[in-house]
Asks: 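Got a structure for you, questions after.
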Amino acid sequence: MGSDDWVVGGIRIVTSTGICEDGYVWVHNGVIRELGSGPAPLAAPSPFADPRAAWLVPGFVDMHVHGGDGADVMDGKPESVERIGRFHASHGTTAWLPTTLTASADRLLQALDAVHEVRQRRWQGPTILGVHLEGPFIAPSRRGAQNPEHIVDPSVPLAESLLARVPGLVRSMTLAPERPGARELIEWVCRQGVLASMGHTDCDSDTARAAIQQGVRQATHLFNGMRGLHHRQGGPVAQALLDERVVCELIADGQHVDWDVLRLVVKVKGADGVALITDAMAAAGRPDGEYELGGLPVSVHDGRACLAGSDQLAGSTLTMDQAVRNMAVKVGVGLLDAVRMASTTPARQLGLSHRKGDIRPGMDADLVLLDESLSVLATWVGGERIFQR
């Protein structure tokens with residue numbers, strides 16, 4: 001073994017297909033070289049030895065995160081992007097999509113520039129896989145905590161100008177399928193290789209079904225910011241649940257979706273049809289108080305973020321490790337499935353299942369070490385430790 005080899009051994013390893021008891025992972029040059037059970041090969045150095053270590057899981061992939069540790073993607077500053085990334089790395093996120101909000105074209109471009117600048121650097125943080133544009137092509141009636149002043153109808157020219165800013169940076173886009181111009185935008189976005197997601201929408205079942213046929217493959221924070229499920233009109237929720245091609249984002253904090261409803265969604269969709277997200281805003285990791293989300297005032301009490309003076313939820317203070325714990329402990333999902341929803345499914349959605357979202361030979365060594373309570377002890381990205389508790 002060379003100087004770039006290391007091993008984590010004597011631990012339970014969670015993969016996409018099962019749990020390896022008393023396992024080891026051999027990492028070489030940032031890539032998983034070998035996975036097995038029993039004694040680790042040779043006398044390879046271990047980068048982290050802790051008697052509390054209980055589980056090794058693939059790094060979490062958060063497809064929807066606005067902020068954390070007092071910073072917001074819409075600050076439009078590279079230092080804010082880095083701060084958010086470092087915070088979420090301490091909670092097991094090894095790859096993420098910084099997520100924008102409805103804003104002017106100038107502010108959106110500024111946010112894209114900031115993310116791109118950080119992406120070009122070598123920094124101690126989770127991999128930036130691209131950007132998720134959440135708006136401005138949404139329904140005013142389902143805007144949630146988005147600024148109504150900047151909501152516009154779906155527009156291929158505007159989307160083209162945003163995507164052209166940094167080619168390949170935008171990986172996901174949320175839009176309302178019922179808005180004028182949505183059909184053309186969905187088809188155009190899909191041709192660009194961007195993941196089309198329906199969200200902040202008041203569409204009916206027929207419109208949602210047609211949008212899926214056109215290429216929509218995701219539902220943005222299912223139930224939130226969309227027409228609800230009704231026994232006489234299923235709307236976007238029913239279509240997202242029924243169509244196996246659609247992955248449903250879920251915010252598993254018990255505030256955005258009831259625990260029993262989370263159980264119902266997992267029972268219908270399975271772990272391959274659910275992507276856990278945080279939808280975290282700047283207050284994540286910070287005390288209760290007054291914050292902003294995309295320029296709108298937000299009050300946080302008991303960890304619940306709402307637009308100031310209202311009960312309208314405004315993002316969350318959730319982290320990915322807490323989402324996994326909630327699914328395992330409060331929803332009753334097995335750890336294997338909880339990890340699939342936090343790692344494997346989102347990686348697959350972004351076309352990265354050959355590199356991320358699993359622990360097997362040939363994969364990036366994006367790893368998270370957990371204790372028995374499923375709290376993070378250490379996080380590695382590409383074999384490099386970026387967090388240690």
Asks: For Ser37 and Glu21, what are the C-alpha separation, side-chain angles and deciding distance, and is it a side-chain hydrogen bond (donor to acceptor under 3.5 Å, both in side chains)?
Replies: CA-CA 7 Å; Ser37 58; Glu21 300 286 347; over 6 Å; no
Asks: Do Asp288 and His301 pair up side chain to side chain, a donor and an acceptor below 3.5 Å, judged on atom types alone?
Replies: no
Asks: Less than 4.5 Å apart, any side-chain heavy atom of Gln322 and any of Asp253?
Replies: no
Asks: Could you verify whether a donor N or O on one side chain and an acceptor N or O on the other, from Gln110 and Arg107, lie under 3.5 Å apart?
Replies: no
Asks: If you define the side chain from C-beta out and look only at heavy atoms, does anything of Thr319 sit under 4.5 Å from Phe60?
Replies: no
Asks: If you compare all heavy atoms of Trp259 against all heavy atoms of Lys330, which two are closest, and at what distance to 0.1 Å?
Replies: CZ2-CD, 3.4 Å
Asks: Below 4.0 angstrom, N of the basic side chain to O of the carboxylate: do Arg143 and Glu149 qualify?
Replies: no
Asks: Just wondering, do Arg389 and Val376 contact through their side chains at under 4.5 Å, heavy atoms?
Replies: no
Asks: How far apart are the C-alpha atoms of Leu336 and Val14, what are their side-chain angles, what is the distance that settles it, and do they pass the side-chain contact (heavy atoms from CB on, under 4.5 Å) test?
Replies: CA-CA 6 Å; Leu336 181 62; Val14 179; 3.9 Å; yes
Asks: Under 3.5 Å, is there a donor-acceptor pair linking the side chains of Asp72 and His66?
Replies: no
Asks: Looking only at heavy atoms, which two atoms of Ile128 and Val118 are closest? And how far apart?
Replies: CD1-CG1, 3.8 Å
Asks: Going by the side chain to side chain donor-acceptor pair (under 3.5 Å) test, name the single residue among Thr15, Asp272, Thr345 that passes it with Arg340.
Replies: Asp272
Asks: Suppose we call two aromatic rings close when their centres sit under 6.0 Å apart. Are His221 and His64 close by that rule?
Replies: yes
Asks: Report yes if the side chains of Asp364 and Thr127 come closer than 4.5 Å at any heavy-atom pair, otherwise no.
Replies: no
Asks: For side-chain contact (heavy atoms from CB on, under 4.5 Å), just list the numbers for Arg348 and Val247, CA-CA rounded to whole Å, side-chain angles, deciding distance to a tenth of an Å, and then say yes or no.
Replies: CA-CA 10 Å; Arg348 189 195 71 236; Val247 165; 3.5 Å; yes
Asks: Is there a side-chain contact between Leu185 and Trp188 (heavy atoms, below 4.5 Å)?
Replies: yes
Asks: Between the side chains of Asp106 and Ser104, is a donor N or O closer than 3.5 angstrom to an acceptor N or O?
Replies: no
Asks: Inspect the contact between Arg245 and Asp243 and indicate whether a charged nitrogen and a carboxylate oxygen are less than 4.0 angstrom apart.
Replies: yes
Asks: Between Arg119 and Leu169, is there a side-chain heavy-atom distance shorter than 4.5 Å?
Replies: yes
Asks: Is it true that the side chains of Thr201 and Glu178 contain a donor and an acceptor less than 3.5 Å apart?
Replies: yes
Asks: For a quick test of reading the model, state the closest non-hydrogen atom pair linking Leu276 to Ala252 and the distance between them.
Replies: CD2-CB, 4.3 Å
Asks: When you compare the side chain of Val266 with that of Met341, does any pair of heavy atoms fall below 4.5 Å?
Replies: yes
Asks: Which heavy atom in Ala114 sits nearest to a heavy atom in Pro78, and how many Å separate them?
Replies: CB-N, 3.7 Å
Asks: Decide, yes or no, whether a salt bridge links Arg360 with Asp358 under the criterion of side-chain N to carboxylate O below 4.0 Å.
Replies: yes
Asks: Taking NZ, NE, NH1 and NH2 as the nitrogens, is one of them in Arg83 or Glu79 under 4.0 Å from a carboxylate oxygen of the other?
Replies: no
Asks: Evaluate the side-chain proximity of Ile251 to Phe223: yes if any heavy-atom separation is below 4.5 Å, no if none is.
Replies: no
